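Take a look at the structure below.
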Amino acid sequence: MTKRLYIVVILLVLISSATSAQLRLRHPEMYIGVHGGVIASTVTFSPTVPNMTPLTEACVLGGNGGFVFRYSEQRCCAVQVELNYMQRGWREKNSKTGDVYSRNLHYLELPFMMHIYFGSQTWRGFVNVGPQIGYCLKDDGGKGIKQTEEVHQYNAIDNKFDWGVAGGLGAYCRTKNAGLYQLEVRFNYSFGTIFSSQLTEYFRQSNPMSLSINFAWMWEIKNVKPKTIKQK
């Protein structure tokens, strides 16, 4: 738990140091927009849960989307905050009988990310990285045939609050009058567990993770005034 918290703190320090170390833009850039896409998610259990291998059989497909805010006063570096809805969960498929059990968890997520970009004024590549927090709004309780007599993973989840890290790679095109069009591949990993990980409980790990492909449409706010830099 402490090591994971250290990772999040380090990411926050890197974000603040990177944004202060870069050269300032003459005109700050501010964007707001929406994004959405497809997400494949699963949960890493320890002890392991039967019928969750290979990984492709353990993933459930869902949707995700939300709002994006991005602000930059520095060259090549910006701060990005999002408010997202995400479908997470896992899947158990018996390869012998073909029976399937799947469970969907619906989250409201708030990532705080460092946005590092490179390229021309029109075309840019980028890397997003930073911590995130979330809250489970709904648990569908699972659907299908239960794969084992063990009931641990079929119980109601213990922890609705979630926290972890996210990282993404992508590219976008900036236009003069039609906004910004962006495509991103992102990986999310939760340090928080959905079931209790206390020594008296069954699971040591029950961490959600996901991979998503998202498309964003963003608009630049033009009336951002540049800050006056005092001469020494």
Side-chain angles (χ1 to χ4, degrees), residues 7-39 41 62-88 107-135 162-190 209-229:
I7 293 174
V8 174
V9 172
I10 290 171
L11 286 174
L12 290 172
V13 171
L14 288 175
I15 290 174
S16 60
S17 61
T19 53
S20 62
Q22 301 296 323
L23 296 175
R24 287 184 177 274
L25 295 172
R26 174 176 291 184
H27 298 285
E29 296 178 0
M30 182 184 295
Y31 286 89
I32 58 172
V34 294
H35 69 156
V38 179
I39 183 170
S41 63
N64 74 120
F67 301 96
V68 187
F69 172 80
R70 182 185 298 161
Y71 180 78
S72 177
E73 291 184 359
Q74 321 293 336
R75 293 181 183 178
C76 302
C77 190
V79 172
Q80 181 167 308
V81 182
E82 303 172 3
L83 181 64
N84 301 325
Y85 161 79
M86 297 182 66
Q87 288 180 271
R88 293 178 175 177
Y107 281 84
L108 188 66
E109 176 202 53
L110 180 67
F112 181 80
M113 312 188 78
M114 178 171 60
H115 175 81
I116 304 170
Y117 61 89
F118 48 89
S120 65
Q121 288 295 318
T122 303
W123 291 94
R124 289 178 178 177
F126 67 87
V127 176
N128 285 331
V129 62
Q132 64 181 30
I133 58 173
Y135 185 81
D162 176 73
W163 66 290
V165 293
L169 297 171
Y172 55 84
C173 174
R174 302 199 313 168
T175 65
K176 290 184 178 180
N177 300 314
L180 179 154
Y181 298 92
Q182 174 178 295
L183 187 65
E184 179 186 11
V185 177
R186 182 178 295 182
F187 178 76
N188 299 67
Y189 184 81
S190 297
M209 64 179 182
S210 61
L211 183 69
S212 61
I213 301 177
N214 301 301
F215 178 78
W217 186 17
M218 303 173 67
W219 303 270
E220 186 174 7
I221 300 175
K222 297 288 188 178
N223 61 348
V224 181
K225 297 180 180 180
K227 288 186 176 180
T228 303
I229 302 176

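No hydrogens, no waters, no symmetry mates; every other heavy atom, side chains included, goes into these values. Computed from a predicted structure; not experimentally measured.
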**Q.** Residue pairs fulfilling salt bridge (Lys or Arg N to Asp or Glu O under 4.0 Å) with at least one residue in residues 107-117, sequence neighbours excluded
**A.** Arg88-Glu109

Q: For Ser210, enumerate each residue passing the side-chain contact (heavy atoms from CB on, under 4.5 Å) test, keeping only those at least two apart in sequence or located in another chain.
A: Ile39, Ser41, Met86, Asn188

Q. In terms of ring plane angle, is the pair Trp217 and Trp219 parallel, tilted or perpendicular, where the classes change at 30° and 60°?
A. tilted

(Q) Check whether Gln87 reaches the backbone of Gly63 with its side chain - one donor and one acceptor, N or O, closer than 3.5 Å. (A) yes

Q: Any chance you could lay out the side-chain contact (heavy atoms from CB on, under 4.5 Å) test for Tyr135 and Asp162, step after step, and finish with the verdict?
A: CA-CA 6 Å; Tyr135 185 81; Asp162 176 73; over 6 Å; no

Q) For the atom pair CD1 (Ile133) and CG (Leu108), what is the distance rounded to the nearest 0.5 Å? A) 9.5 Å

Q. Can you list the residues that meet the side-chain contact (heavy atoms from CB on, under 4.5 Å) rule with Val185, with sequence neighbours excluded?
A. Leu211, Ile213

(Q) For a quick test of reading the model, state the closest non-hydrogen atom pair linking Ser212 to Asn214 and the distance between them. (A) OG-ND2, 3.1 Å

**Q.** 4.5 Å side-chain heavy-atom contact, Asn128 and Ile116
**A.** no

Q) What pairs of residues pass the salt bridge (Lys or Arg N to Asp or Glu O under 4.0 Å) test when at least one of them lies in residues 181-190, not counting sequence neighbours? A) Glu82-Arg186, Glu184-Arg186

Q. Heavy atoms, side chains only, cut-off 4.5 Å: are Pro28 and Tyr71 in contact?
A. yes

(Q) Testing the basics here: between Met114 and Cys77, what is the closest heavy-atom pair and its distance to 0.1 Å? (A) CG-SG, 3.9 Å

Q: Would you give the length of the straight line joining atom OG1 of Thr122 to atom CG of Leu180, rounded to the nearest 0.5 angstrom?
A: 10.5 Å

Q. Does a side chain donor of either Gln182 or Arg174 reach within less than 3.5 Å of an acceptor in the other side chain?
A. no

Q: Kindly compute the distance separating CE (Met113) from CZ (Arg70), expressed to the nearest 0.5 Å.
A: 10.5 Å

Q.
Run the side-chain contact (heavy atoms from CB on, under 4.5 Å) test against Ile32 and tell me which residues pass, sequence neighbours left out.
A. Phe69, Ile221

Q. Ring pair (Phe, Tyr, Trp, His ring centres under 6.0 Å) with Phe126: which residues, sequence neighbours excluded?
A. His115, Tyr172

Q: Kindly write out the residues that satisfy side-chain contact (heavy atoms from CB on, under 4.5 Å) with Phe67, not counting sequence neighbours, or none if the list is empty.
A: Val34

Q) Distance only, no hydrogens: is a donor on one side chain within 3.5 Å (strictly under) of an acceptor on the other, for Asn64 and His35? A) no

Q. Going through the distances and angles, do Phe187 and Val165 end up as a side-chain contact (heavy atoms from CB on, under 4.5 Å)?
A. CA-CA 9 Å; Phe187 178 76; Val165 293; over 6 Å; no

(Q) Using every non-hydrogen atom in the two residues, find where Tyr107 and Gly134 come nearest and quote the distance to one decimal. (A) CD2-C, 4.4 Å

Q. Restricting to pairs with a member in residues 124-133, which pass salt bridge (Lys or Arg N to Asp or Glu O under 4.0 Å), not counting sequence neighbours?
A. Glu29-Arg124

**Q.** Heavy-atom donor-acceptor pair, Tyr117 side chain to Cys76 backbone, under 3.5 Å
**A.** yes

